[in-house]
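Here the structure is a predicted model, which is why all the values come from computation and not from measurement.
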Amino acid sequence: MTRTAVFAREQLRAPFTLALLVVIPALFVVSAAGALNDFASALGGSLAGDAAVGLSAGWAAAFISGALGFFQAASSRGADRRLALAGLGPARVALSRIAASVGLAFIAAAAAFVALLLRVDVAHPLHAGIAVLAFALLYLAIGVLVGSLVSAPLEGSLLVVFVFLLDAFSGPGMSGGSPPPWAVSQKAADVLIAAGTGTDTPTDEWVKVAVVTGGALVAAFLVFVASARSRA
Amino acid sequence: MTGTATTTSPVLTVTDVTKAFRFGPPWRRQRIDVLRGASLEVGPGELVGLVGENGSGKSTLMQIIVGLLGHDGGTMTAPARLGYCPQQPLLWEKLTVAEHFELFNQAYRLDDATAASARDGLLDELGFAKYLDYRVEALSGGTRQKLNLALALVHRPELLLLDEPYAGFDWETYLRFWEMAERRREEGMGILIVSHLLAERDRLTRIYELRDGRCEVIS
């Protein structure tokens, strides 16, 4: 069996976690979107209606994937490092660990996406699905990156939450003005909002989404490798 | 005591290794010099002990040799094929004993036949064959430690590094451990055992004590 398959099997043996992966994003989309309208207004933003529902799907997938990515990397850090030092090397361990965790991100994104489709009409469902997945993968990468550097569960999870909150509250429609640099999910959010209204997304915007998401995964891989390398 | 150092080349040479840990914010940095020029060596077929008080740096030195920690100064030579049994079992809670062997067999690049034979031999030697399909989360502390030890041995390393390897072992397993160590020693494996308590001194080629960051031969 491949290493990725073994690590994926490890993650699937936590039924409660898998249940939360599905329930939390779905509940968030169904119940929280309305409150986002009011919150955005309080911050001076213009987020409203179906756009709020759409973004809630992205953020729900992002938050869950980020948390799980962190705990996956942090909790298995010792054993993963031992395996790397035993001869597998940090790159192969990193690839297998991240590839297995991508499966979790898919599950969270799928749950959020299905809840979104049930909640509102989405003009471009395929675009919306890809954008929600981009949210999930971006934050999976952030979670793995933090988990590779911070092993303490409280500090690490708070750091992921902090990044998420900065990003979410700075995102499109949440506050007035243009999004700051740390609004990392901005491009995916733009695509998600456009998908809801039936607006076509230009190719260069898709490229930006791919670059940000892919770049985050590469950064997570490199940080994982650096943390798991031999110091001898 | 079972003789003095051999005249063949050592499998492990540690020379004047230094290591300091730094804590606190930059404007109030504290420094603890754990290793201040530690030196030791282990030859093939030697069973060497490393003792010291709690906090003397034994595990730190072991982790430096393995590559888990960097060091500030000094040199080391160790073989590429070494086995490491950490003090705390580094295992995956949701994976089975069999899956652990599977992953480490890949890391050690063992072919299927060699891997199966080695695994079955260790399961038998350490007496935990019946737990092959159990997840680590379902194992007792002693059984986890058996797996922890077995993963360090499955590829027949030239050098075996053991950090408090028998913590949690019952008496029978403790005795089996020493018989196993003796067999490996006779096969030419160099073994370094870190412990804060070594009752089996007669089995050891040499004992180093780590004190004030340096190693001294005490017997």
B:L68 and A:R81: side-chain contact (heavy atoms from CB on, under 4.5 Å), yes or no, with the steps?
CA-CA 8 Å; B:L68 280 171; A:R81 286 193 74 196; 3.8 Å; yes

Is any side-chain heavy atom of B:L95 closer than 4.5 Å to one of A:R13?
yes

Beyond-backbone contact of A:R9 with B:T96, side-chain heavy atoms, under 4.5 angstrom:
no

If you count every heavy atom of other residues, nucleotides or ligands that lies below 6.0 Å from [X] atom [atom1], does the total exceed 12?
X      : atom1 : answer
B:R22  : CZ    : yes
B:Q88  : CD    : no
B:Y208 : OH    : yes
B:R183 : CZ    : yes
B:F21  : CZ    : yes
B:D212 : CG    : no
B:D111 : CG    : yes
B:Y131 : OH    : no

Heavy-atom pairs under 4.5 Å with chain A, option from B:P89, B:A107, B:P86 with the top count
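Of the candidates given, the most pairs with chain A belong to B:A107.
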
Heavy-atom distances under 4.5 Å only: say whether [X] touches chain A with side chain, backbone, both or neither.
X      : result
B:Q106 : both
B:N148 : both
B:R109 : side chain
B:L103 : both
B:A152 : both
B:L82  : neither

How long is the straight-line distance from [atom2] of [Y] back to [atom1] of [X], given to the nearest 0.5 Å?
X     : Y     : atom1 : atom2 : answer
B:K94 : A:F7  : NZ    : CZ    : 15.5 Å
B:E93 : A:E10 : CD    : CD    : 9.5 Å
B:L90 : A:S76 : CG    : OG    : 11.0 Å

Mind listing the closest non-hydrogen atom pair of A:R82 and B:Y84 along with its distance?
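For A:R82 and B:Y84, the tightest heavy-atom pair comes out as NH2-O, 3.0 Å.
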
Does any backbone or side-chain atom of A:R92 lie under 4.5 Å from a heavy atom of chain B? Answer side chain, backbone, both or neither.
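Just the side chain, heavy atoms under 4.5 Å.
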
For A:L85, is it the side chain, the backbone, both or neither that has a heavy atom under 4.5 Å from a heavy atom of chain B?
side chain

Contact winner vs chain B - A:A228, A:A86, A:S230, A:G89, heavy-atom pairs under 4.5 Å:
A:A86

